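Only one structure is covered here, and it is reproduced in the block below.
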Amino acid sequence: MNWLVNALTSTIGRKVLMALSGLFLILFLVVHLVGNLQLLKSDGGIAFNTYAKFMGHNPLIQTVSILNFVFILTHIFVSLFLTLRNSKARPHGYAYVNNSSTWSSRNMGILGTIILVFLVVHLVNFWGKMKLTDFGIGSYVEHDTTQDYLDLYTTTKAAFQDWWLVLLYVVSMIALAFHLSHGFQSAFRTIGVNHPKYTPFLKGLGLAFSIIVPAGFAIIPVYMFLQG
Amino acid sequence: MKLNLKIWRQSDASASGKLVDYKVDINPEMSFLEMLDVLNEELARKGEDPVAFDHDCREGICGACSLYINGRPHGPMQTTTCQLHMRHFKDGETIIIEPWRAAAFPLLKDLVVDRSAFDRINHAGGFVSVNTGSAPDANEILIPKTESDEAFNSAACIGCGACVAACKNASAMLFVSAKISHLALLPQGQPERERRAENMVAQMDAEGFGACTNTGACSIECPKGISMSNIALMNRDFIFASLTSKPELKVSEGA
Amino acid sequence: MKLDSKIPEGPLAEKWTKHKFNLKLVNPANKRKYTIIVVGTGLAGAAAAASLAELGYNVKAFSFHDSPRRAHSIAAQGGINAAKNYQNDGDSVYRLFYDTIKGGDYRAREANVYRLAEVSVNIIDQAVAQGVPFAREYGGTLANRSFGGAQVSRTFYARGQTGQQLLLGAYSALNRQIASGKVTMYTRTEMLDVVTVDGKARGIVTRNLVTGKIESHAGDAVLLCTGGYGNVFFLSTNAMNSNVTAAWRAHKKGALFSNPCYTQIHPTCIPVSGDYQSKLTLMSESLRNDGRVWVPKKVGDNRPPDQIPEDERDYYLERRYRSFGNLVPRDVASRNAKMVCDEGRGVGPTKLAVYLDFADAIKRDGEQKISEKYGNLFDMYEKITGENPYKMPMRIYPAVHYTMGGLWVDYNLMTNIPGLYALGEANFSDHGANRLGASALMQGLADGYFVIPYTIGDYLAGMNPSTDKVSVDHPEFKKAEQEVMDMTKKLLSINGTKTVDDLHKELGKVMWEYCGMARNAEGLKIAKQKIKEIKADFWKNVRVLGKNEELNQSLEKAHRVADFIELGELMVDDALARNESCGGHFREEYQSEDGEAERDDEHYAYVSCWEYKGPGQEEELHKEELIFENVKLTKRSYK
């Protein structure tokens, strides 16, 4: 297995870890967004709470969610290793730099840190509370039986009455957008996907993704805040 | 035209250096290096040590010249410093001239750095193993024009190191990938393709270059316009080689 | 002195084959006991070092660059000739031989040139196998073009950077041997002397250009692959650091210097724009395939080119050379440009330029087509001059480009000092008085890949690899080291008023004025006197700052310029002694009524071989008569 360790600890190997974990998290974002958009349904939260219950109880989803944490940690720790190596690669900096690359491509670390802070707040607010404290229990009737569920919808709605939390979410989603705008296409290059016919499409897709998905996330708190 | 220069001066590798101010009065038709020649002649006349800088062909092909000019390798145009002309600067402008900065390019004096790390990466596999005299007739190897043209684009790298200088991580991925791609795109390079990718990447890492974060600054600043697609190809070759290469068999050649 | 060129007996086409068979071989087990020193790692040096290491010899290779990939071979644009006859257009080894001998104005050895043509085909095979990306047709075969007025398409090319691609091929072969441990590479290390013991070359003395350390290296043979000396003119298309020092110091140790006056002036360079200029830029000769060369008919016509009507233009090459027109060989095109400028019909601010006009070609083929062919050259021109050649005719002027002269070598590429070899542009051997386009790359690689690996064995086999060893502790090494240190100390101690460049420029001006495109006895005598003065001035007034024990670029230059000055004297002597016009040597006294060069085959069909006689002494001329058994000496006519 020595070869695997060698491959994964090389600069390219580490970049591949970054890319693969990043691509997984991108997939996760899609699933998460689809669920969250249920919050916009004006059904008093039934659709959303059903979704939340499904997510909380399906064993496959549970496994994936553990993987999700593993990938988040991989993404964070490998990036720390790489950042450290990269700063060592230029011990003496320039007196003056006139950059030609995009701002987001150079500041993935800062953008990532903002997303990390957001993630902590987000998890404490929802996932943590859901797991560790008591939520209100709601119920609805389906096929003549009463179904119980954690009323995540009400909690969410309550939380998004704080303007600062809404602001944090919006700002973080902007950071996510910039992070994705570089990360999406960068990940594909890192795993070696490149072809004159398909790369332009992937770049376009990445750009669209990095605008649409964070915008979708950002709309929810704003909408709920405005709804009151 | 009159210019204010701020040039990095450092007497040798171990000394500490600093930016020193100079003034020159020059003709806008000069090349950037001719402007430095003028400065050096003046310094020599005054009994001051001339500024050391690497240069040779002054035609934009040998890759010897370097210089980080006003925050960009080879200055504001996409060309080598020797092909940069002073008409691209304004009268009275201040120009900051620094050496390439990277741990893998140790500074030797003033603006001269040691780029032998690039050679060592090439020693690790930047070749096709074919002894003199053992080649088949040149036209026995048919290569589609498009493949050949693409390989040429990669082979156009002049090894100047601007990619490393431009990269915020001081990564050498563009340089290394250009060599790997050049040979990976040609039939002649296939037998050693996996070994080459593994060995050259390992040497690149051992030299202390940073990791690539795909900012693309390398390609934007490359005087020969080497494309980022080389990096993708190298990554693919490296991943593939890491996953599939087989250990060398121990064989006895017999007596 | 007896000069034995060691040209093999027998019919021309069989000489090399027979010679290879007659050469002694070194037993494979013994090869590892020999050490070969290779100085310079351009095309010839890198090819030789790699090929010799592949055979099993130990090689120590030296370059003053930071990497072998920077050697000036890299700057060759146009291509490399080979008698492959892939185009089925009548080419053959014999035709390449004939064209080269004729192009050299019958001042080269038949046997050498034939061998060059013979191995040219192997070079292409070798380069392709290394991965050199030559231009190709859609079917996957190699493409060719006609170059420099050749009537067959035998030139292989890699866009405008054939030199770089071939050098990277040789460099990769060298890298492979460095990795295998058979070649030890010394970069940023300049050779400052050859060491001979008992009359044989046994090593070199070098200076580490970073630390200044003077060191000796011993070996069983020394190969000088150190290029040409065009920088004696200060302004040339050579790289800034190209120099004659290795060859010149070998000359001072007894190696004969041949034909120093043969200088190739390339017709299509970007003109000088001012005194500050540090070097000249060549544009590929292929431009003359479509560009038309002209000047105004009237003297002192200052109108911009687009306002000079057709009938007031003089397309002088088309007028004078009906059949070749704008495609006459380099020496002829250069000389004619000088002639019209001397008449006062030159153009541009300095009046030292002629127009190269693409207007007709653009009208005929469209801008698109012209841009496909020459786009990179047009861009380069615009980058340097700030003028757009699609709208305005280019301005061009000849510039020093290549030196046909060099160290005398025999058929085995060995100088008259046993064990000392010279390869590539550093020797004199294959181009006679004028080199054809796309032949420099061919010769460098032929010498390195396909000649020296065979011929060096013959010399080494005559030595006992175990007992016949000399170490760097030998007094001759100590003596040579001391001489180098003394000279360095002297240069640093003068502390005069002129910079090295000042003196180099003075030398260059004298050389260009009196020993450039056209020479005459009177001017050469003036030059001789002036160079003597420059030499005296140099050793009295040069200012070299700093110390030896550091990276000191002024000191490097001072060593080189000191040698250029001495070489300049010899070039003038050689030009004076050759009372004829041939190829790159045009003596104004020897021309026909219509200004064409007039050779004197009866008296000057020889190689001049100059022997150094000590400081301040006149050098002694030896002659190697050239014997032509296969070609008839004709007047080179391009009318």
Side-chain angles (χ1 to χ4, degrees), chain B residues 11-12 27 29-30 33-34 37-38 41 44-45 47 49-50 52 54-59 61-64 79 83 85 87 108-109 112 114-116 118-119 122-124 126-132 135-139 141-145 148 151-152 155-156 158-159 182-183 186 188-189, chain C residues 47 50-51 54 65-67 69-70 72 74-75 84 86 122 124-126 128-131 133 136-142 158-159 161 164-165 168 171-173 175-176 178-179 187 210 239-241 273-274 276-279 281 383-384 386 449-450 453 499 501 543 545-546 550-551 553-554:
Chain B
S11 59
D12 59 56
N27 175 330
E29 293 304 308
M30 287 178 185
L33 297 183
E34 283 167 348
D37 290 343
V38 169
E41 287 292 285
R45 266 178 248 288
D49 193 24
D54 267 327
H55 66 107
D56 197 32
C57 78
R58 297 206 178 185
E59 291 180 25
I61 193 76
C62 76
T79 181
Q83 296 286 286
H85 283 73
R87 65 179 90 92
L108 298 176
K109 184 180 179 180
V112 179
D114 178 2
R115 286 169 284 190
S116 53
F118 274 8
D119 281 341
N122 270 318
H123 299 165
F127 47 76
V128 172
S129 295
V130 53
N131 280 1
T132 304
D137 183 86
N139 262 350
I141 309 169
L142 294 180
I143 305 172
K145 187 174 182 306
S148 174
F152 183 99
I158 57 174
H182 160 210
L183 296 174
L186 294 173
Q188 301 92 305
Chain C
S51 305
E54 285 163 10
H65 287 105
D66 65 334
S67 162
R69 69 178 298 149
R70 314 235 190 265
H72 198 53
I74 208 164
K84 280 282 194 188
Y86 281 160
N122 305 112
I124 302 303
D125 298 342
Q126 189 63 32
V128 166
Q130 290 165 344
R136 284 176 186 271
E137 308 289 354
Y138 282 102
T141 54
L142 289 156
R159 294 193 202 159
Q161 42 175 272
Q164 150 150 282
Q165 295 310 325
L168 291 182
Y171 164 75
S172 70
N175 282 335
R176 177 168 157 246
I178 293 172
T187 54
V210 179
M240 298 301 288
N241 296 305
S273 66
Y276 53 80
Q277 196 135 348
S278 60
K279 81 152 271 165
T281 305
K383 230 180 230 175
I384 293 173
Y449 284 135
F450 296 109
T499 66
D501 270 2
R543 165 176 262 188
L545 295 165
E550 62 173 347
L551 196 162
Q553 293 174 325
S554 324

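In what follows, chains carry the letters A, B, and so on, assigned in the order in which the sequence lines appear, proteins first and then strands, with residues in each chain numbered from 1. Everything numeric here is computed off the predicted structure, so don't read it as measured data. Only this structure's heavy atoms are used, side chains among them; waters, hydrogens and symmetry mates stay out.
Atom CG of residue B:N139 and atom OG1 of residue C:T141 lie 5.0 Å apart, to the nearest 0.5 angstrom. Atom CG of B:D12 and atom CG of C:L551 lie 10.0 Å apart (nearest 0.5 Å). From B:E59, atom CD reaches atom CD1 of C:I74 across 10.5 Å, with rounding to the nearest 0.5 Å. Here CG of B:D119 is found 7.0 Å from CD1 of C:I178. Values are rounded to the nearest 0.5 Å. With rounding to the nearest 0.5 angstrom, the NE2 atom of C:H65 is 9.0 Å from the CG atom of B:D54. Note that OG1 of B:T132 is 10.5 Å distant from CG of C:N122, once rounded to the nearest 0.5 Å.
Taking C:D501, C:N241, C:I384, C:T187 one by one and counting their heavy-atom pairs under 4.5 Å with chain B, the maximum is reached by C:I384. Between chain C and the residues B:A124, B:S11, B:P136, B:G189, the largest count of heavy-atom pairs under 4.5 Å involves B:P136. Contact tally against chain B (heavy-atom pairs below 4.5 Å) for C:H72, C:Q130, C:R543: the top residue is C:R543. Between chain B and the options C:P453, C:A75, C:S273, heavy-atom pairs under 4.5 Å are most frequent for C:A75. Among B:L108, B:N131, B:L142, B:D114, the residue with the largest count of heavy-atom pairs under 4.5 Å with chain C is B:N131. Considering only heavy-atom pairs separated by less than 4.5 Å from chain C, the leading option among B:S116, B:A52, B:A151 is B:A52. For the set C:K383, C:Q164, C:R159, the entry with the most heavy-atom pairs within less than 4.5 Å of chain B is C:R159.
Both the backbone and the side chain of B:I143 come within less than 4.5 Å of a heavy atom of chain C. For chain C, no part of B:L33 is nearby; none of its heavy atoms comes within less than 4.5 Å. If you measure heavy-atom distances from B:E34 to chain C, the contacts under 4.5 Å come from the side chain alone. Contact of C:L545 with chain B is made through the side chain alone, with heavy-atom distances under 4.5 Å. Both the backbone and the side chain of B:A156 come within contact range of chain C, judged by heavy atoms closer than 4.5 Å. Contact of B:R45 with chain C is made through backbone and side chain together, with heavy-atom distances under 4.5 Å. Heavy atoms closer than 4.5 Å to chain B are found in the side chain of C:S554, but not in its backbone. For B:D37, the part lying near chain C is the side chain, with the backbone staying farther off; criterion is any non-hydrogen pair under 4.5 Å. Heavy atoms closer than 4.5 Å to chain C are found in both the backbone and the side chain of B:D56. Residue contact with chain C, scored on non-hydrogen atoms closer than 4.5 Å, involves the backbone and the side chain of B:H55 alike. For B:I141, the parts lying near chain C are the backbone and the side chain together; criterion is any non-hydrogen pair under 4.5 Å.
Residues C:P133 and B:H182 are in side-chain contact: their nearest non-hydrogen atoms beyond the backbone lie under 4.5 Å apart. Using a 4.5 Å heavy-atom cutoff, the side chains of B:V130 and C:Q126 are in contact. Contact of the C:Y86 side chain with the B:D137 side chain is registered, since non-hydrogen atoms from C-beta on lie closer than 4.5 Å. The shortest side-chain heavy-atom distance between C:R176 and B:S129 falls under the 4.5 Å cut-off. Contact of the B:N122 side chain with the C:R69 side chain is registered, since non-hydrogen atoms from C-beta on lie closer than 4.5 Å. Between C:Q553 and B:K109, every side-chain heavy-atom pair lies at or beyond the 4.5 Å cut-off.
Judged by distance alone, with hydrogens and angles left aside, the side-chain atoms of C:R70 form a donor-acceptor pair with the main-chain N or O of B:G63 at under 3.5 Å. Judged purely by atom type and a 3.5 angstrom limit, C:Q165 uses its side chain to pair as donor or acceptor with the backbone of B:A155.
Residues B:V128 and C:A129 approach most closely at CG1-O, 3.4 Å, considering heavy atoms. Closest non-hydrogen pair, B:A138 versus C:L142, comes out as CB-CD1, 3.4 Å. Of all heavy-atom pairs between B:C57 and C:A239, the closest is CA-CB, 3.7 Å.
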